[in-house]
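Below is one structure; the comments refer to it alone.
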Amino acid sequence: MEMAELALAKTEVERHSVFKKVKPHAELIASVLCGILILTGWLLEFTNHDTTAIIVYVLSFIIGGYAKAKEGIEETIANKELNVEMLMIFAAIGSAIIGYWTEGAILIFIFAVSGALETYTMNKSFKEISSLMNLQPEEALRIHGGIEKRVHVSELIVGDHILIKPGERVPSDGKILKGITNIDEAAITGESIPVTKNIDDSVYAGTVNMTGSITVEITKPNSETLFQKIIQLVQNAQSEKSPSQLFIEKFEGTYVKVVLAIVALMMVLPHYVLGWDWTETFYRAMILLVVASPCALVASIMPATLSAISNGAKHGILFKGGVHLENLSHLKAIAFDKTGTLTKGKPVVTDIHIQDGEDHNDLLWKIASIENHSNHPLALSIVSHVKKHLNKELLHPETIEDMPGMGVKAIIGEEYWKIGKADFISGLKSNHKLIEKANLLASEGKTIVYVQINNRAVALIALKDVVREEASKAIKELNKLGVYSVMLTGDSEKTAKVIASESLVNEYVAECLPEEKVNQLIKLKERFKTVAMVGDGINDAPALATANVGIAMGEGTDVALETADVVLMKNDLPRIAEAIRLSKKMNTIIKQNIVFSLVVITLLISSNFLQILDLPYGVIGHEGSTILVILNSLRLLR
């Protein structure tokens with residue numbers, strides 16, 4: 001993204017921030033002033049100062065109705081379609097024409113209050129963006145040719161070196177070139193405990209450097225940082241409308257035309273057909289204009305959707321749109337990738353078996369010293385495990401040779417070492433006890449690394465990509481909600497069976513390549529109709545796109561994050577069940593709102609035709625139902 005585009009994006013968010021601070025207060029103040037003027041006008045009318053009372057009522061019309069009238073007229077011109085706001089304008093003017101100034105003003109007042117509530121809901125949904133924007137530094141200390149210069153973050157390019165001092169926020173994504181520190185990543189992951197960062201570790205924009213000064217190399221443009229992706233996700237979620245909302249908006253235009261046509265007939269037909277006088281006929285037409293307006297119906301969905309999206313973002317669940325939030329409530333099955341999703345994605349040492357007569361600590365120290373020269377994930381895990389348990393500086397073997405796909409050879413003193421796979425260890429065949437132990441551990445889905453010294457197999461180390469602590473809890477929660485769980489993995493049948501058992505998934509499919517995951521998703525959709533996929537890697541992207549709802553882990557790859565419909569920023573699997581419950585609650589509240597608003601409209605219209613409803617009660621019933629609908633939606637913010 002060019003600097004001009006970045007500036008424009010920032011200006012847009014700042015505009016929303018100003019909107020957030022000013023507009024709700026302006027609408028609320030206008031509503032209060034309107035209410036005061038209505039009370040004043042009523043007192044003047046009560047004391048027979050009718051002309052002055054009308055002037056005060058006109059002021060209340062203008063002050064209370066300006067915002068909604070402006071919005072209605074602008075939208076009518078832009079969309080060439082009449083809307084609810086225009087109905088309210090007509091109803092208020094009609095009330096004034098027949099001399100019901102107080103009722104018309106009360107209509108404007110309650111409409112203004114409901115508008116202020118809608119604005120409040122909208123602003124709550126902008127809360128996450130504005131708070132995130134406040135976390136992003138605008139400047140960075142760039143180092144070029146040994147010279148430090150403070151520049152705007154939009155000027156940073158990939159490869160730039162920046163200095164981040166203790167207490168400063170990280171301005172852009174990068175990797176540490178120099179220094180060790182602790183980083184508070186709560187803004188990104190939600191974890192309150194700072195993470196220790198060393199050379200080559202990644203750091204993210206918006207996080208806080210707690211202790212040491214670090215030099216960081218920029219790895220992503222400012223517009224593509226994880227921080228910016230979070231902001232974009234929330235913005236997209238606010239702009240994308242659910243199918244229910246789109247239907248209501250289409251329905252609104254047709255409904256308004258029908259109401260106006262019926263009101264036009266109501267101004268004439270009852271006089272000739274029912275024998276009403278002209279005053280009563282026009283009066284009932286105005287009441288119909290008020291009570292038939294679908295304000296509550298229109299407000300049934302959007303405030304609820306925005307409240308739910310805001311609630312989700314606050315708890316680390318980012319929805320890319322109301323449609324995905326709505327779909328979650330219909331979920332019948334969910335497929336999980338294994339590595340990095342149900343499991344931690346990194347092998348850890350689970351078992352160490354050393355032959356009798358060997359010095360346990362000395363052997364581990366030498367194993368770690370050899371493995372320290374390998375970049376293999378298993379080797380890195382072994383070194384990390386040993387360093388945690390032995391506070392001793394590692395030695396350097398005299399010679400070391402990496403054997404790709406097999407293991408590593410090394411010489412330490414007079415000892416000739418081999419560390420690697422079973423086929424690589426020549427002295428293993430005669431060690432039946434070690435083989436027996438290895439077979440037992442392998443049956444548990446563990447990977448075995450063997451150790452040989454001078455043609456003697458002396459030890460084995462078992463490693464495993466362990467299941468996340470919260471995985472089984474997440475599956476149990478999904479089972480309670482009636483959601484069937486399936487694990488899709490490229491691992492062997494044996495490993496898949498063990499992980500499936502530990503994570504408590506209902507079903508698993510082993511040896512799945514990316515294209516096979518897509519085929520499995522298609523089969524699941526045939527069985528269950530609405531299916532979600534949870535993944536974190538590039539290989540999961542096709543399956544995420546195939547599912548009805550794609551859910552990405554927050555620490556996943558950029559491709560997974562971009563493809564998914566929902567992102568779990570804290571990598572917290574139980575949040576999936578929470579998201580489903582939030583979706584179900586939102587849909588329940590929307591149904592409550594729709595049924596309630598339709599019942600109220602029906603009752604008010606029927607009462608009007610039976611001539612038992614007066615305009616003041618029609619105003620209160622109609623506008624009061626709108627306020628109740630919005631307040632019901634705001635419950636989703638909790």
Side-chain angles (χ1 to χ4, degrees), residues 1-14 17 129-233 346 372-373 375 377 380 383-384 387 393-394 554-559 561-562 569:
M1 188 183 285
E2 300 296 329
M3 282 181 63
E5 291 174 316
L6 283 169
L8 186 62
K10 185 171 178 60
T11 302
E12 179 65 14
V13 174
E14 285 174 347
S17 297
I129 293 183
S130 57
S131 61
L132 282 172
M133 287 302 296
N134 292 335
L135 294 179
Q136 179 158 27
E138 293 190 358
E139 294 182 329
L141 195 59
R142 185 167 61 189
I143 304 170
H144 185 69
I147 300 172
E148 297 178 3
K149 183 181 179 183
R150 195 159 288 280
V151 298
H152 195 274
V153 289
S154 60
E155 296 179 34
L156 295 175
I157 60 172
V158 174
D160 276 353
H161 293 181
I162 59 172
L163 178 65
I164 306 170
K165 298 175 182 179
E168 292 183 342
R169 287 194 179 274
V170 177
S172 191
D173 288 8
K175 68 175 181 179
I176 298 176
L177 296 177
K178 189 188 298 181
I180 301 173
T181 188
N182 291 320
I183 300 283
D184 179 359
E185 296 187 335
I188 300 294
T189 66
E191 295 297 330
S192 57
I193 301 173
V195 181
T196 301
K197 298 283 185 175
N198 212 322
I199 292 172
D200 287 336
D201 284 343
S202 297
V203 294
Y204 303 103
T207 59
V208 182
N209 180 23
M210 303 289 288
T211 51
S213 289
I214 51 173
T215 302
V216 172
E217 179 182 347
I218 302 298
T219 56
K220 290 182 182 178
N222 187 59
S223 60
E224 296 178 11
T225 63
L226 179 60
F227 189 82
Q228 285 295 327
K229 288 182 186 300
I230 295 171
I231 293 173
Q232 288 162 14
L233 286 176
K346 295 179 182 178
N372 197 41
H373 291 266
N375 286 323
L380 296 175
V383 173
S384 175
K387 282 182 174 180
E393 188 175 341
L394 300 178
E555 290 179 0
T557 61
D558 289 350
V559 176
L561 290 174
E562 288 168 10
M569 290 314 302

Decide yes or no for [X] and [Y]: does some side-chain heavy atom of the first lie under 4.5 Å from some side-chain heavy atom of the second?
| X | Y | value |
| --- | --- | --- |
| Ile180 | Lys197 | no |
| Glu148 | Leu163 | yes |
| Asn372 | Val383 | yes |
| Val170 | Val208 | no |
| Lys165 | Leu141 | yes |

Of all the heavy-atom pairs spanning [X] and [Y], show the shortest one and how long it is.
| X | Y | answer |
| --- | --- | --- |
| Ser172 | Ile218 | CB-CD1, 3.8 Å |
| Thr181 | Ile183 | CG2-CD1, 3.8 Å |
| Ile164 | Arg169 | CG2-O, 4.3 Å |
| Ile214 | Gly179 | CG2-C, 3.9 Å |
| Met210 | Pro166 | O-CB, 4.1 Å |

Under the side chain to side chain donor-acceptor pair (under 3.5 Å) test, which residues partner Asp160, sequence neighbours left out?
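Only Arg142 meet the side chain to side chain donor-acceptor pair (under 3.5 Å) criterion with Asp160.
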
Atom pair [atom1]/[atom2] of [X] and [Y] - distance to nearest 0.5 Å:
| X | Y | atom1 | atom2 | value |
| --- | --- | --- | --- | --- |
| Thr215 | Lys175 | OG1 | NZ | 13.5 Å |
| Glu217 | Ser202 | CD | OG | 11.0 Å |
| Glu155 | Glu139 | CD | CD | 9.5 Å |

Sequence neighbours excluded, which residues qualify as ring-ring contact (aromatic ring centres under 6.0 Å, His included) partners of His373?
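So His373 forms a ring-ring contact (aromatic ring centres under 6.0 Å, His included) with His396.
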
Side chain to side chain contact (heavy atoms under 4.5 Å, CB included) between Val203 and Ile176, intermediate numbers included:
CA-CA 7 Å; Val203 294; Ile176 298 176; 4.0 Å; yes

Is a donor on one side and an acceptor on the other found under 3.5 Å between the side chain of Asn209 and the backbone of Gly167?
no

Are a donor atom and an acceptor atom from the side chains of Thr219 and Asp173 found within less than 3.5 Å of each other?
no

As a quick check of understanding, evaluate side chain to side chain contact (heavy atoms under 4.5 Å, CB included) for Ile162 and Leu156, giving each step before the final call.
CA-CA 9 Å; Ile162 59 172; Leu156 295 175; 3.8 Å; yes

